[in-house]
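In what follows, every heavy atom counts, from backbone to side chain, and hydrogens, waters and symmetry copies are set aside. We count ligands from 1, going down the list as the structure has it; atoms in each ligand are counted the same way. From a predicted model like this one, the values you see are computed outputs, not experimental measurements.
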Amino acid sequence: MKDVYILAVESSCDETSVSVIKNGHDDIATVINTQIDVHTKYGGVVPEVASRLHLENITMVIDECLEKANMKLEDMDAFACTYAPGLLGSLLVGVEATKALSFIYKKPFIAVNHMMGHICANMIGNNLEYPLLSLIISGGHTDLILMESESKFKYLGQTLDDAIGEAYDKVARILSLPYPGGPNVEKYASEGKAVYPMPKLMDDGSYNFSFSGIKSHVNNVYHNAMQRKEEINKYDLACSFQECVTKNLVEKTRKALIDYNLKTLLISGGVASNSYIRNAIKEMCDSIGVEMHMPDKKYCTDNAAMIGAAAYILYKNKKFSNLDVNAKSNVQLKSI
Ligand code: KG4
Ligand code: ZN
């Protein structure tokens, strides 16, 4: 079969990323232009600033990626991008640029759900066996999804309020750690001890999550100590938080693996780059004979390679999009 080259664009939040992916597996070239330095000044992503920076950078990032791949736009078999979920203004930049390329070069346009991208980060350089369980842990999602094949997604559970990455970011703010919060909380946690009592997280027998309670708890512990002029150990508080949320993730994932008799687990999303969480989930998988796959750390946080990997599955199934597809801030992932 002829090789298929897809140029993929990701611009759902604060990374402008472009990749050329061959046959959904091989990352020929990936460029990620991160806006972290700009947003750090504001303590979080400012949507208007993010979309303006995507607009300034998108053409440059496409050119840089093609140069790195040593290929031309004419060499592409399809053009793909994230169309949802994410920040509307940011998504729009990637969607409009990709639609224009598809129109000019008369090649299919493939609109990809960002969450399918996170899952497919595991397919880069990897062959997977189905059925499997997919755990997505990112800034916007905490999802447990049963996959009977690469194109069938069944939600078992999700967060009912904050996503786990959001909780990390909020705890970072409480502890006055700079944006992006997650990696900084992990760094502090690695130097602390889990000595602060934490609340019991959602334990209703379902596969759903809830992280808003623990965020408020950390806030209360911190501010009560401040008011009483007691010293707070940020390392220990970060560690106590991390241990508590990790235990909850591990328990829910373990339950789903056992209940559905699954032998493979994929983890993905920005929080999957957290070594403590990766190790805890791996240990649990080893103890019950489940094979765990996790993307290389560079494919955990937002990148276009994962969008190209997902786009290839849509390409194989001829699930092309019309040029009237628009960016959407929230669309739940469905089977294709
Ligand atoms: O997947 P991602 O890049 O964007 C979304 O689609 O949300 O994930 C970003 C999230 C942020 O909340 C960030 O704080 C979190 O992932 N994150 C981490 C770590 N690295 C990134 N959280 C905990 N530990 C980390 N090492
Ligand atoms: Zn993401």
Side-chain angles (χ1 to χ4, degrees), residues 8-17 19 30 32-36 39-40 43-45 47 50 81-87 90-91 94 112-122 134-143 158-159 162-175 177-192 209 211-212 214-215 218 238-239 241-246 248-249 266-281 294-307 309-310 329-333:
V9 175
E10 155 63 36
S11 70
S12 66
C13 191
D14 59 345
E15 260 99 32
T16 319
S17 177
S19 292
T30 291
I32 303 177
N33 182 302
T34 178
Q35 309 171 357
I36 278 183
H39 297 294
T40 299
V45 178
C81 69
T82 306
Y83 81 102
L87 302 171
S90 293
L91 287 164
V112 178
N113 185 301
H114 185 77
M115 305 326 292
M116 183 169 170
H118 272 305
I119 293 172
C120 294
N122 279 293
S134 179
L135 170 69
I136 309 179
I137 38 179
S138 74
H141 290 78
T142 314
D143 300 335
Q158 54 195 304
T159 181
D162 290 352
I164 184 161
E166 209 175 339
Y168 264 90
D169 292 335
K170 284 179 182 163
V171 166
R173 270 188 191 223
I174 296 164
L175 301 180
L177 307 182
Y179 175 85
N184 284 316
V185 172
E186 181 185 7
K187 216 180 290 166
Y188 268 62
S190 70
E191 291 171 41
F209 298 93
F211 296 110
S212 69
I214 189 164
K215 169 200 71 188
V218 171
C239 183
F241 161 79
Q242 177 160 278
E243 188 187 72
C244 179
V245 293
T246 304
N248 183 248
L249 271 186
L266 306 185
I267 62 169
S268 56
V271 183
S273 61
N274 180 301
S275 299
Y276 182 80
I277 293 178
R278 285 166 90 108
N279 293 339
I281 297 178
M294 50 191 168
D296 198 279
K297 283 194 181 187
K298 67 176 186 271
Y299 298 128
C300 283
T301 43
D302 292 347
N303 66 88
M306 67 185 199
I307 303 302
S329 56
N330 205 0
V331 176
Q332 179 142 324
L333 179 59

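Atom OG1 of residue T30 and atom CE of residue M306 lie 11.0 Å apart, to the nearest 0.5 angstrom. From F209, atom CZ reaches atom CD1 of I137 across 9.0 Å, with rounding to the nearest 0.5 Å. Between I164 atom CD1 and D169 atom CG the span is 11.0 Å, to the nearest 0.5 Å. If you take OG1 on T82 and NE2 on H118, they are separated by 8.5 Å, rounding to the nearest 0.5 Å. S134 contributes atom OG, which lies 11.0 Å from atom CE of M116 (distance to the nearest 0.5 angstrom). Rounded to the nearest 0.5 Å, atoms CD1 (I267) and CG (L135) are 6.5 Å apart.
Scanning the protein heavy atoms around atom 26 (N) of ligand 1, the nearest turns out to be E186 OE1, 2.8 Å. The protein non-hydrogen atom at the shortest distance from atom 20 (N) of ligand 1 is S273 OG, 3.3 Å. Regarding atom 15 (C) of ligand 1, its nearest protein heavy-atom neighbour is V271 CG2, 3.9 Å. In this structure, atom 3 (O) of ligand 1 lies nearest to the protein heavy atom D302 N, 3.1 Å.
Atom CZ of R173 is surrounded by 12 or fewer heavy atoms from other residues, nucleotides or ligands within 6.0 Å.
Shortest non-hydrogen contact noted between A50 and S90 is CB-OG, 3.6 Å.
If you look at the Zn ion (ligand 2), the protein N, O or S atoms less than 2.8 Å from it are H114 NE2, H118 NE2, D302 OD1.
By the 4.5 Å heavy-atom criterion applied to side chains, H39 and Y179 are counted as neighbours.
Residue contacts with ligand 1 for H141 are absent, since no atom lies close enough (heavy atoms, distance under 4.0 Å). The backbone and the side chain of P183 each have at least one atom closer than 4.0 Å to an atom of ligand 1 (non-hydrogen atoms only). Looking at H114 against ligand 1, only its side chain comes within 4.0 Å, counting heavy atoms. At a heavy-atom cutoff of 4.0 Å, ligand 1 is contacted by the side chain of D169 but not by its backbone.
For a threshold of 3.5 Å applied to N or O pairs, the pair formed by G139 and ligand 1 contains at least one separation below that value.
K187 and E191 are not joined by a salt bridge, as no carboxylate oxygen comes within less than 4.0 angstrom of a charged side-chain nitrogen.
Residue I136 is tested with V271, T142, D143, L266 for a side chain to side chain contact (heavy atoms under 4.5 Å, CB included); the sole match is D143.
The heavy atom nearest to atom 21 (C) of ligand 1, considering only G182, G117, G270, is found in G270.
For ligand 1, the atoms sitting less than 4.0 Å from at least one non-hydrogen atom of G165 are 12 (O), numbered in the order shown with element in parentheses. Close approach to T301 involves these atoms of ligand 1, each under 4.0 Å from a residue heavy atom: 3 (O). Contact atoms of ligand 1 toward G140: 7 (O) (distance under 4.0 Å to a heavy atom of the residue). Taking every non-hydrogen atom of H118 and a distance limit under 4.0 Å, the qualifying atoms of ligand 1 come out as 1 (O), 6 (O). Every atom of ligand 1 is numbered from 1 in the order shown, and the set under 4.0 Å from a heavy atom of N274 is 23 (C), 24 (N), 25 (C), 26 (N).
Judged as a ring pair (Phe, Tyr, Trp, His ring centres under 6.0 Å), and not counting sequence neighbours, the contacts of F241 are Y168.
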| query | Q242 and N274: side chain to side chain contact (heavy atoms under 4.5 Å, CB included), yes or no, with the steps? | reply | CA-CA 10 Å; Q242 177 160 278; N274 180 301; 3.0 Å; yes
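Between the side chains of S275 and K297, a donor-acceptor pair is found at a separation under 3.5 Å.
The closest approach between a heavy atom of C13 and any atom of ligand 1 is not below 4.0 Å.
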